[in-house]
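Step one of this worksheet: look at the structure below.
Throughout, a chain's letter reflects where its sequence line sits, starting with A, and its residues are numbered from 1.
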4 protein chains.
Amino acid sequence: MERVTKIMTAAAPQTKDQRNRLLTAAARCFVKSGFRGARMAQIAAEAQMSTGHIYHYFDSKEQIIAEMVRGHIEEKESIFGRLERAGDQVVDLMVDNLEESVDSSANPFWSALTLEMTAEAMRNPKIADILRTADAEMKARLFTCLGEGSDQEELATRLEIFIALIQGIGIRNIINPKLDLPAVVSIVKEVVENLFRRSKP
Amino acid sequence: MERVTKIMTAAAPQTKDQRNRLLTAAARCFVKSGFRGARMAQIAAEAQMSTGHIYHYFDSKEQIIAEMVRGHIEEKESIFGRLERAGDQVVDLMVDNLEESVDSSANPFWSALTLEMTAEAMRNPKIADILRTADAEMKARLFTCLGEGSDQEELATRLEIFIALIQGIGIRNIINPKLDLPAVVSIVKEVVENLFRRSKP
Amino acid sequence: MERVTKIMTAAAPQTKDQRNRLLTAAARCFVKSGFRGARMAQIAAEAQMSTGHIYHYFDSKEQIIAEMVRGHIEEKESIFGRLERAGDQVVDLMVDNLEESVDSSANPFWSALTLEMTAEAMRNPKIADILRTADAEMKARLFTCLGEGSDQEELATRLEIFIALIQGIGIRNIINPKLDLPAVVSIVKEVVENLFRRSKP
Amino acid sequence: MERVTKIMTAAAPQTKDQRNRLLTAAARCFVKSGFRGARMAQIAAEAQMSTGHIYHYFDSKEQIIAEMVRGHIEEKESIFGRLERAGDQVVDLMVDNLEESVDSSANPFWSALTLEMTAEAMRNPKIADILRTADAEMKARLFTCLGEGSDQEELATRLEIFIALIQGIGIRNIINPKLDLPAVVSIVKEVVENLFRRSKP
DNA sequence: CATGAATGAGCGTTCATTCAT
DNA sequence: AATGAATGAACGCTCATTCAT
């Protein structure tokens with residue numbers, strides 16, 4: 001009985017597990033060596049798997065890149081997902097969550113991946129598409145929350161600036177790893193309040 | 001006499017010209033294809049030179065990357081150089097120059113190079129060093145201008161946030177090329193004023 | 001009793017069935033993709049069997065090729081077996097059977113296999129040996145029938161020419177699939193009659 | 001002066017020489033190991049060249065195969081080219097040249113290549129096209145010579161049978177290398193005369 | 001100084017074969 | 001007996017670098 005159960009439930013999840021193992025191993029390699037620099041053999045070793053076996057789960061290196069990109073921006077989106085449920089108190093929540101947002105963006109793993117993904121998007125239309133689609137969706141959501149009664153166009157721009165700032169801090173942190181993040185957060189809070197609450201008293 | 005001198009020393013300037021031609025050709029290729037993706041043959045063609053001849057001017061592709069990076073951040077620095085001479089009116093000048101700064105940062109050529117350089121810096125210590133050294137110097141200069149009578153630490157952080165914002169906008173423009181730059185500039189002006197003039201009445 | 005015997009010996013016949021299933025599946029794949037081009041996974045799928053299980057019946061791909069070649073030339077030989085029983089009326093039978101011989105040789109499946117086998121024989125001594133042994137035996141048999149009272153050497157040569165012609169037609173049919181086979185048969189009949197009956201009034 | 005002449009005239013022919021060297025080296029490898037079996041490294045070694053350098057002259061292994069096939073059938077065609085100029089004495093010339101035709105077809109190098117090319121044509125449409133185009137042209141030429149005043153359809157068929165016979169002998173010679181070629185030639189002469197001169201007294 | 005032919009190490013990928021179950 | 005996941009050597013091809021001229 002146990003055996004049967006094992007067999008019946010193991011196959012599909014195991015495949016998914018292996019794919020995920022490969023995807024996270026690939027992400028580590030991509031951070032370490034870049035998309036082009038990372039070797040299939042390196043990814044295989046990182047996932048404790050033979051080189052050839054990778055091709056049971058993915059068709060090509062490019063597919064691994066695409067799926068890893070998709071996975072990571074979905075994860076990123078989920079952070080913004082929380083804001084969505086905050087209704088008209090989004091700005092408060094944004095401000096409250098700023099520390100987490102900045103820390104996450106400044107995480108070298110994340111910022112390296114973001115950098116790599118964005119650079120890749122400049123030459124690889126598939127990656128560009130994934131990034132742009134996810135980006136549009138994310139902004140649409142936030143937009144809905146923030147949007148009531150305001151000048152929509154301007155709000156969109158303020159949102160862009162907010163995202164630029166958060167991502168920009170991640171990149172700054174690469175070039176200047178001594179960046180004092182808590183200090184950054186407290187000043188960014190001011191900026192965000194000014195960005196979105198200016199009209200309010 | 002002059003003529004003779006010219007002839008005798010002609011080699012050096014010509015060499016410099018060739019090197020520069022190569023460097024700008026390389027930059028174009030790097031923007032188009034990335035550091036790894038750009039081939040020596042492509043760079044040679046772009047510089048209208050034979051592949052092999054590149055090695056009369058540079059030891060390796062890596063050296064080209066390093067020198068190109070150095071050259072381009074020096075160029076970037078020169079923009080900040082102007083601020084230096086503005087004395088205590090730096091913020092005014094910064095605000096006045098914002099349009100130029102944002103446009104320059106949002107220029108696909110520049111943002112692509114910045115992206116590529118920063119990504120490379122994560123893996124290549126030499127590039128990281130070039131970037132960090134230049135960055136430190138640049139900040140030190142601005143710091144001098146802005147710094148008198150203020151809380152130095154906080155000012156440094158505000159400066160970081162300013163740079164992060166400008167660079168972040170460049171990257172946003174890659175993922176969302178429909179970004180309304182003039183609108184962005186006008187809002188960023190507010191942000192910058194708030195960042196640096198808040199204390200002043 | 002019978003039942004028990006059956007059960008006890010069932011393994012062998014079943015094994016033989018599986019082997020044959022595999023062999024015919026392999027032949028189809030070899031025709032489609034060539035010996036080198038056919039993949040073990042393709043053969044397994046064609047035989048509705050898992051890839052790994054093939055190795056319960058055969059040691060290697062090469063062994064499959066060898067056994068398939070042996071099997072197919074034995075089948076071919078059986079066609080000539082009929083002639084053997086015709087005694088001194090072999091030529092009549094040959095002429096009568098020409099249509100079948102030509103059609104069989106021109107069958108894309110057969111001609112493809114023959115091509116593949118012969119090509120393989122040029123590099124693989126084992127295959128060459130199988131082909132040559134079978135060929136020698138086949139000729140020896142026909143030789144016996146045709147041979148009485150004639151110049152043995154010349155007869156052997158005429159036989160070679162006959163076989164060359166039949167096989168050659170098969171190959172022609174690959175390059176020129178519009179070949180009018182009935183017309184070919186009627187002319188080949190003339191040729192065969194001239195080949196073997198010239199001396200007879 | 002010599003230098004200049006050398007430079008001006010050397011480039012193009014040298015490239016052609018290298019290509020031809022590569023092509024004949026490839027042909028030898030293909031005969032030895034088959035199209036799929038021959039390795040680029042093997043071809044490179046046979047041509048006394050580095051593996052990578054092959055790709056200065058050819059885009060891919062497939063292109064080498066295609067060009068080699070084209071070259072070899074053109075060479076084959078040139079044999080038939082002579083017949084063309086014989087006017088209404090083609091059959092005499094064909095009979096006279098039979099020895100050469102048979103010897104050439106029975107040359108292991110040639111028959112191996114023919115085998116390989118035909119087998120490849122079954123799966124590779126490009127090769128099939130090259131073979132069929134050349135074949136059609138060759139037949140058209142012979143057809144013109146032989147065709148006057150005869151039943152065209154039947155003549156075409158007789159031609160096919162002739163070619164099948166010659167090619168078939170080549171293949172026979174692989175399986176039975178003891179084939180007595182002079183004896184074969186003398187009997188084939190009869191066959192050819194019967195094929196094409198039957199109507200004539 | 002200048003060319004581009006030449007090299008060869010190393011890449012992504014394939015597939016016959018083996019292994020754990 | 002049967003599966004298909006797993007292995008890894010070997011392939012075709014690329015490209016930074018070197019060399020002969």
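- By the side chain to side chain contact (heavy atoms under 4.5 Å, CB included) test, E120(C) pairs with F35(C), R123(C), N124(C), I127(C), sequence neighbours left out.
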Using a 4.0 Å heavy-atom cut-off to protein, can you give one letter per nucleotide of nucleotides 12-18 of chain E, 5' to 3': B if the base is in contact, S if only the sugar-phosphate is, - if neither? SBBBSBB
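- Atom CG of L113(D) sits about 10.0 Å away from atom OG1 of T118(D), to the nearest 0.5 Å.
- Side-chain N/O atoms of Q42(A) include none lying less than 4.0 angstrom from OP1 or OP2 on dC11(E).
- Spacing between atom CD1 of I54(D) and atom P of dT14(F) amounts to 12 Å, rounded to whole angstrom units.
- Considering only side-chain N and O atoms, Y57(D) lies nowhere under 4.0 angstrom from the phosphate OP1 or OP2 of dA5(E).
- For R19(D), the salt bridge (Lys or Arg N to Asp or Glu O under 4.0 Å) partners at least two apart in sequence or on another chain are E67(D).
- Y57(D) is linked by a ring pair (Phe, Tyr, Trp, His ring centres under 6.0 Å) to H53(D), counting only residues two or more places apart in sequence or in another chain.
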As a check on the pairing definition, encode DNA chain F in dot-bracket form, counting Watson-Crick and G-U wobble pairs whose two distances are under 3.5 Å, and using | for partners outside this strand. .||||||||||||||||||||
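- Of the residues in residues 25-33 of chain D, none has a non-hydrogen atom less than 4.0 angstrom from any atom of DNA chain F.
- Take Q42(D) and apply the side-chain hydrogen bond (donor to acceptor under 3.5 Å, both in side chains) test, not counting sequence neighbours, and it matches S33(D).
- Straight-line distance from the CZ atom of F58(C) to the P atom of dA2(F): 14 Å, rounded to whole Å.
- Qualifying side chain to side chain contact (heavy atoms under 4.5 Å, CB included) partners for Q48(B), counting only residues two or more places apart in sequence or in other chains: R21(B).
- For the pair I43(D) CD1 and dG12(F) P, the interatomic distance rounds to 8 Å; values are reported in whole Å.
- In terms of the side-chain hydrogen bond (donor to acceptor under 3.5 Å, both in side chains) criterion, residue partners of T114(B) (sequence neighbours excluded) are, by chain and number, K76(B).
- Closest-nucleotide positions on DNA chain F for S50(A) and Q48(C) were compared, and the one nearer the 5' end corresponds to Q48(C).
- Checked against side chain to side chain contact (heavy atoms under 4.5 Å, CB included), D129(D) has the following partners two or more places apart in sequence or in another chain: T133(D).
- For the atom pair OH of Y55(B) and CD1 of I64(B), the computed distance is 7.0 Å after rounding to the nearest 0.5 Å.
- For the pair M49(D) CE and dC13(F) C1', the interatomic distance rounds to 16 Å; values are reported in whole Å.
- The distance from atom CG of L22(D) to atom P of dA5(E) is 14 Å, rounded to the nearest whole Å.
- Between the CD atom of Q14(C) and the P atom of dA1(F) there is a distance of 8 Å, given to the nearest Å.
- For R28(A), the side-chain hydrogen bond (donor to acceptor under 3.5 Å, both in side chains) criterion is met by E46(A), not counting sequence neighbours.
- Computed from coordinates, the D17(B) CG to dA2(E) P distance equals 11 Å when rounded to whole Å.
- In this structure, the CD atom of Q18(B) is 10 Å from the C1' atom of dA2(E), given to the nearest Å.
- Legend: residues meeting side-chain hydrogen bond (donor to acceptor under 3.5 Å, both in side chains) with R70(D), ordered by chain and number and at least two apart, are absent.
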